Every structure is written in C-alpha cells, then in structure tokens.
Amino acid sequence: MRHITRGRVHAHHVRSRLPWLYESYRGAFLELAGEACGEKVTPARDNRYSVVLNVQRGTQMRFECHVDSNPLTGLLFCTDHVNGGELVFAHDAAAASIAEVERDCSVVRPSAGHLIFFDAREYPHYVRPLTQASDMRVVAVMNYYTESCPESTRPAALNRHLYGDR
Ligand SMILES: [Fe+2]
C-alpha cells in the first residue's frame, strides 16, 4: 500500500498555542457557521476533533479523496496559493477516484483569511498537490454538528482509526 503523508497540528496544541482560534471556533466562527446553516449548529464537545490545522509541505503530501462524517465543516485558509493546493469538490456523489472528481467539480483556491463552510457528507473532495517543493499550505479545519446530525453520530471506527479509541 502506498503511504500518503500529511501534516497536522492537533487540537490540544491549537488550544494552547493558538487560543484565538480555539475561542473563535466556539465563538465568532460558530455564529457564522449558524448563519451558513439552516439549523442550530454546535461545536464538538470532544476537543480532539474540534479544530485542527492541516499542513501540507512540498509536493509529496496530500489529503486524499473522502466524504465527511460531520454535517458542517468550516475551513479558514491560512496561506495563499496560485497553483496547486486547491480544494476540489465532485459534483457527482458517486465519483470514486480523483480522475472522476476532476471530471465535473467545483474548485476552491486557498486565499489566506477566507473562511468557508460546507456540508460534504455526500460529495467526495480532495486537495490537489502543491506544485513547489518549497511551498506550504496551512488550513484550520473546524468540525461542527447540527441537531439533525449530532456529535453522537460520529463513527466510533473513525476515532479508533485516528486516536486508537477502544
Ligand atoms: Fe473533508
């Protein structure tokens, strides 16, 4: 199996080193999330998957094609990228590979300071690789929940995979 590396600043480090981000996740950004969503939005109670930083360095790291388990994700882009590093959403929920996603998609180019919210439970998405070895892409990823899809629906298998929960 091919190993895909990716970088992450875990939530407990965000909380201690970037308190403004941790507080915004539960404050100002939560309010904006509520405006973007038709129902009441709540932050994660479990801090491990509340707000993290995803970090992509050079051309080898990638964030693979997937769908989300949480009903609302907020992304705060922290770096600018002209080429590479785009977030790509398939229009076809059945798209099963990067080639199929790319065939018919929406593309979000990272722009530092831009905050977006989306529900990507159905539509596969991935991040294009960076094009420069010296480049670094940083994005804050915020997991939110709603009344119709509360935190209790988060798959236990995901926590086992990510955190070794039993
Ligand atoms: Fe995602």
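We number each residue from 1, following the sequence as shown. In each ligand, atom 1 is the first atom listed, and ligand 1 is the first ligand listed. What you see below is based on every heavy atom in this structure, not just the backbone, and it leaves out hydrogens, waters and symmetry mates. For clarity, every value in this text was computed on a predicted model and none was experimentally measured.
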Query - Partners meeting side chain to side chain donor-acceptor pair (under 3.5 Å) with Glu151 (sequence neighbours left out) - result: Tyr49
Requested in this report: Return each pair, listed once, that meets salt bridge (charged side-chain N to carboxylate O under 4.0 Å, His left out) where at least one residue sits in residues 7-16; pairs must be two or more places apart or across chains.
Outcome: none
Requested in this report: Return yes if some donor-acceptor pair links the side-chain N/O of His125 with the main-chain N/O of His66 below 3.5 Å, else return no.
Outcome: yes
Query raised in the report: Mind checking what makes side chain to side chain donor-acceptor pair (under 3.5 Å) contact with His161, not counting sequence neighbours?
Result: none
Report summary line: Note: Phe117 and Gly74 closest approach over all heavy atoms is CD2-CA, 3.6 Å
**Report entry** Tally of protein N, O or S atoms, where distance to the Fe ion (ligand 1) is under 2.8 Å
**Finding:** 3
Query raised in the report: Between the side chain of Asp46 and the main-chain N/O of Arg48, is any donor-acceptor distance below 3.5 Å?
Result: yes
